[in-house]
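One is the number of the first residue; the rest follow in order along the sequence. The shown structure was predicted, so the numbers you read here are calculated from the model rather than taken from an experiment.
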Amino acid sequence: MLLSRHTRRRDFISLIGGGAAWPLAAWAQQPGAMPVVGLLGLRSSDAQSDLLQAFRQGLKDTGYAEGENMAIEYRSAQGQIDRLPAFAADLVRRKVAVIAAADTSAGSTAKAATATIPIVFTTPEDPVTLGLVTSIARPGGNLTGINWLAGELTAKRLELLRELVPGAARIALLVEPNNARITETTVSDAEVAARSMGLQIRVLNANTSGEIDAAFATFSHERPDALFVGTSSLFAARRVQLALLAAFHRVPATFASRQYAEAGGLMSYGASLTDASRQMGVYTGRILKGAKPADLPVVQSTKFELVINQQTARMLGLAVPPTLIARADEVIE
């Protein structure tokens with residue numbers, strides 16, 4: 001998916017809001033005035049605005065516009081997962097028409113909070129394994145959503161990293177143990193792929209910003225040839241920190257989505273999160289029109305993006321192979 005090379009950066013309210021909650025406008029507080037969507041998530045307020053814009057575009061594609069014929073209640077846990085249950089319970093008390101769950105934790109929490117209010121989720125994990133739906137084709141119950149397939153791309157990301165840094169032999173793999181299911185899958189897939197490529201993997205764990213710093217501190221005495229950063233809500237929120245640390249230690253790094261490359265990361269490969277957010281908006285709009293979640297198959301991402309930050313590559317003294325440049329969806333200059 002080819003987007004602009006220049007992304008405007010500013011503080012904004014993220015896909016799931018920059019504060020614990022935004023009050024409804026006066027018109028949205030009037031019973032029956034218009035449908036209200038609850039947007040629930042873990043991501044903190046430094047997430048990028050394109051996700052929220054994409055969600056709104058999906059709603060617009062189905063005939064809904066915030067402030068005109070529908071309202072949105074924003075609930076952000078600001079990275080603190082233990083705040084999600086109270087926010088989900090509040091949205092249930094308010095009897096919102098749909099809960100849009102912007103990440104795996106929000107989806108699971110919303111499911112535990114209500115068996116009647118429709119829920120549209122996004123997740124990089126298998127929603128059947130998570131227990132969110134009965135099957136991809138026939139979700140059943142009150143949930144459906146978007147599966148953006150992060151874990152399945154581990155081997156491909158390693159291949160691209162080796163192509164970018166052909167001499168790499170030792171790869172540091174940074175994961176978030178708190179995100180147990182996807183961490184286990186990522187480590188397993190990475191180790192299998194690494195063996196087939198003749199690479200050595202060293203797993204580094206980080207559950208907090210401080211532990212990210214500590215993981216990079218090990219590079220002073222155990223320097224890897226390259227870094228593979230796993231999929232994680234924490235890492236997405238700390239992507240600027242990760243990009244800066246990789247640059248400081250002069251370690252070529254690969255990430256799971258374009259937001260990292262836009263923040264200064266060297267390279268990313270993964271599903272288009274903006275497209276996943278737009279699709280979540282489309283499904284939310286369809287449910288507002290009367291569709292039932294049980295009848296809407298889970299959408300599995302088909303748009304994948306390779307983004308290379310050429311400026312970061314030059315800073316690291318890397319010459320990006322022309323073949324890789326030619327295959328990139330975007331090269332950030």
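Taking the centre and axis of the six-membered ring of Phe228, the NZ or CZ atom of Arg157 falls inside the cone set by 45° and 6.0 Å.
Rounding to the nearest 0.5 angstrom, the gap separating the CZ atom in Phe121 from the CG atom in Asn147 is 7.5 Å. Between the CG atom of Leu52 and the CG atom of Leu39 there is a distance of 7.0 Å, given to the nearest 0.5 Å.
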message = Assess the residue pair Gln241 and Ser209 against the criterion (side chain to side chain donor-acceptor pair (under 3.5 Å)); give the C-alpha distance rounded to whole Å, side-chain angles, the decisive distance to 0.1 Å, and a yes or no.
response = CA-CA 8 Å; Gln241 176 187 6; Ser209 175; 3.0 Å; yes
Verdict with reasoning, Thr144 to Lys292, per side-chain contact (heavy atoms from CB on, under 4.5 Å) = CA-CA 9 Å; Thr144 188; Lys292 298 183 183 302; over 6 Å; no
query = Please walk me through it: do Thr123 and Glu125 pass side chain to side chain donor-acceptor pair (under 3.5 Å)?
reply = CA-CA 5 Å; Thr123 179; Glu125 303 177 58; 4.7 Å; no
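Counting only distance, with no hydrogens or angles, the side chain of Asp275 and the backbone of Ala271 share no donor-acceptor pair below 3.5 Å. Put simply, the side chain of Asp329 gets close to the backbone of Leu306: a donor and an acceptor are under 3.5 Å apart. Here the side chain of Thr186 pairs a donor or acceptor atom with the backbone of Ile182 at under 3.5 angstrom. A distance-only check finds no donor-acceptor pair linking the side chain of Thr218 to the backbone of Ala214 [under 3.5 Å]. Looking at Ser188, its side chain never comes within 3.5 Å of a backbone N or O of Thr185 through a donor-acceptor pair. When atom types are taken as modelled, the side chain of Asp189 and the backbone of Thr154 share no donor-acceptor pair closer than 3.5 angstrom. Without hydrogens or angle criteria, Lys111 side chain to Leu143 main chain gives no donor-acceptor distance under 3.5 Å.
At least one side-chain heavy atom of Met70 sits under 4.5 Å from a side-chain heavy atom of Val37.
With respect to the salt-bridge test (charged N to carboxylate O, under 4.0 angstrom), the residues Asp90 and Arg93 qualify. Between Asp61 and Arg278 there is a salt bridge, since a side-chain N of the basic residue sits under 4.0 Å from a carboxylate O of the acidic one. Ionic pairing of Glu333 and Arg314 is present here: one or more N-O contacts between side-chain nitrogen and carboxylate oxygen are shorter than 4.0 angstrom.
The hydrophobic cluster containing Leu244, built from Ile/Leu/Val/Met/Phe/Trp/Tyr side-chain heavy atoms closer than 4.5 Å, also comprises Val240. Think of Tyr260 as one node in a network of Ile, Leu, Val, Met, Phe, Trp and Tyr side chains linked at under 4.5 Å; its network also takes in Leu174, Leu204, Ile212, Phe216, Phe219, Leu227, Val229, Leu234, Phe235, Leu242, Leu245, Val251, Phe255.
Linking ILVMFWY residues whenever their side-chain heavy atoms come closer than 4.5 Å, directly or via other members, places Val36 and Leu40 in the same cluster.
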Show me the side-chain donor-acceptor pairs of residues 160-169 shorter than 3.5 Å, one per line, residues at least two apart or across chains.
residue	atom	partner	partner atom	Å
Arg162	NH1	Met197	O	3.4
Glu163	OE1	Arg327	NH2	3.0
Glu163	OE2	Thr323	OG1	3.4
Glu163	OE2	Arg327	NH1	3.0

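Just one of Val98, Val299, Leu59 meets the side chain to side chain contact (heavy atoms under 4.5 Å, CB included) condition when paired with Tyr283; it is Val299.
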